[in-house]
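In what follows, a structure is listed as structure tokens, so that the remarks can point back to it.
Counting convention: from 1, in listed order, for ligands and their atoms alike.
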Amino acid sequence: MARIVNVVGARPNFMKIAPILREMDKVPEMRWLLVHTGQHYDVEMSEAFFRELAIPKPDMNLEVGSDTHARQTAQIMTAFEEVCFREKPDLVLVVGDVNSTIACSLVASKLHIPVAHVEAGLRSFDRKMPEEINRIVTDILSTYLFTTCDEANENLLREGVAREKIFLVGDVMIDTLLANLEKIREMDTWCRMGLRQGEYAVLTLHRPSNVDDRQVLGKIIGALETVSRHLPIVFPMHPRTREAVRRFGYEKHFRSAHGHGSLARDPGRGKAIGEPGIWCCDPLGYLEFQNLVVHCKFVMTDSGGIQEETTVLDIPCLTLRDTTERPVTITHGTNTLLGGDGVRIAEEAMKILQGKGKRGQSPPLWDGKASERIVQILAQEFRLN
Ligand code: UD1
């Protein structure tokens, strides 16, 4: 028997853990617990994903909430150490690159509990990104490093990670996308928002480097306004960005797509947003957001995961960052890296509107079976089959 503690904390973790838990359930000798650190806590940033993706209720919620990096990481560590003392797991499995990922890896490794890191080896080579530090430290501490692409393997080998610890398995985030794709395509979120199919863009923006500085954010908004004269931009706004927009007095640049609450709960209140402008709404659930993506003309984002999802969906993606830890989405996929250069953002958007958007293909092993491979490898390691 193997006792595994799986960790989630923030929004991009939830769609990654969902397919892994489903696969673990198929191995009777694999006993698992799910720990939610509580890094994200708003209904639309957390609970909505559990509901939509049928993720079992966490066995424990550490309820750490928001704070500075050091305080948040320390609080997760203190609470998670208690969990490890009590549960004595044989393995701690972490996903992605958020503060919960590094905090729990650090605790487990000091207690000599092996760590499995799902989505290992990604590197932006920009240590100003908190996630880059989380990635590097988590990988150093991990016993099992599950990677999404060849570049990740190369990064790890270059950093001196032993070859036998690295397993190229594919992308668990894509497992979730493919498993839900039919449902996603059939939904009518875009239609209920008053949008016309293929005639709007989707925007997400929440990186501290883009939204925490008044001037940087102002410049990006200027570029987006240029683009929005040609087609409406739908912008489900992250709480960090909402706070920054309010702090800098930038509200006037945005139009409100609807009042409060998610569209699913509040379908009647969506205003028609077929006309140009940057239209904001609250953060959306997973399925509604993906529905907007599959039916849009193109996506503008500073997210990591969305670069991968648009690649698989063959939707052009303009990434508003200077670096990416996911270069395979540029070499194989639909991604173009633009930084915050307003002129280039507008130029690239125009190219797409003229039908010259980038086309791409899915990288090898992004086939919906990454979780199956991970669980098979772990079952073998623990001699469960
Ligand atoms: C975190 C991750 C980032 C990920 C992002 C996805 C780290 C270092 N960053 O960034 O990699 O891309 O999640 O969303 O782990 N807030 C709320 N409600 C919530 C959560 C946050 O209002 O449920 C607000 C708080 O004001 C908080 C701010 O958002 O201070 C930032 O939250 P935090 O978890 O610190 O970082 P994110 O920017 O969400």
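Summary of contacts: the protein heavy atom closest to atom 11 (O) of ligand 1 is Glu131 OE2, 2.5 Å. Distance from atom 38 (O) of ligand 1 to its nearest protein heavy atom, with residue and atom name: Arg240 NE, 2.7 Å. Here the protein heavy atom with the shortest distance to atom 18 (N) of ligand 1 is Asp42 OD2, 2.9 Å. Here the protein heavy atom with the shortest distance to atom 27 (C) of ligand 1 is Ser66 OG, 3.3 Å. Taking atom 2 (C) of ligand 1 as the reference point, the nearest protein heavy-atom neighbour is Val98 CG1, 3.7 Å. The protein atom (non-hydrogen) at minimum distance from atom 39 (O) of ligand 1 is His40 NE2, 2.8 Å. Of all protein heavy atoms, the one closest to atom 24 (C) of ligand 1 is Pro239 CB, 3.7 Å. Distance from atom 16 (N) of ligand 1 to its nearest protein heavy atom, with residue and atom name: Tyr41 OH, 3.5 Å.
Looking at Glu119 and Arg326, a side-chain N of the basic residue comes within less than 4.0 Å of a carboxylate O on the acidic one, giving a salt bridge. In summary, Glu82 and Arg86 do not engage in a salt bridge, as defined by a charged side-chain N under 4.0 Å from a carboxylate O. A salt bridge links Glu348 to Lys351: one of the charged nitrogens lies within less than 4.0 Å of a carboxylate oxygen. Under 4.0 Å is where a charged nitrogen must lie from a carboxylate oxygen, and between Asp322 and Arg207 no such pair does.
Each of Leu156, Val169, Asp171 was scored for a side-chain contact (heavy atoms from CB on, under 4.5 Å) with Thr147, with one residue passing: Leu156. Each of Thr301, Leu320, Val234 was evaluated against Leu203; a single residue qualifies, Leu320, per the side-chain contact (heavy atoms from CB on, under 4.5 Å) test.
Selection from His206, Arg242, Gln39, Arg135 by nearest heavy atom to atom 12 (O) of ligand 1 gives His206.
Using a 4.0 Å cut-off between heavy atoms, Pro12 contacts ligand 1 through its side chain alone, with no backbone atom that close.
In this structure, a donor-acceptor pair under 3.5 Å is absent between the side chains of Asp59 and Trp32.
Applying the 4.0 Å criterion to heavy atoms of Arg207 picks out, from ligand 1, the atoms 11 (O), 12 (O). Taking every heavy atom of Met45 and a limit of under 4.0 angstrom, the matching atoms of ligand 1 come to 14 (O), 23 (O). Within ligand 1, the atoms closer than 4.0 Å to a non-hydrogen atom of Asn99 are 7 (C), 8 (C), 15 (O), numbered from 1 in the order shown.
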As a quick check of understanding, evaluate salt bridge (charged side-chain N to carboxylate O under 4.0 Å, His left out) for Glu132 and Arg135, giving each step before the final call.
CA-CA 5 Å; Glu132 182 75 353; Arg135 289 188 277 260; 2.9 Å; yes
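Between His69 and ligand 1, no pair of N/O atoms sits closer than 3.5 Å. Every N/O-N/O distance between Asp67 and ligand 1 stays at or above 3.5 Å.
Residue-environment remark: NZ (Lys165) exceeds the threshold of 12 foreign heavy atoms within 6.0 Å.
Ring centroid separation for the pair Phe50 and His36 comes in under the 6.0 Å cut-off.
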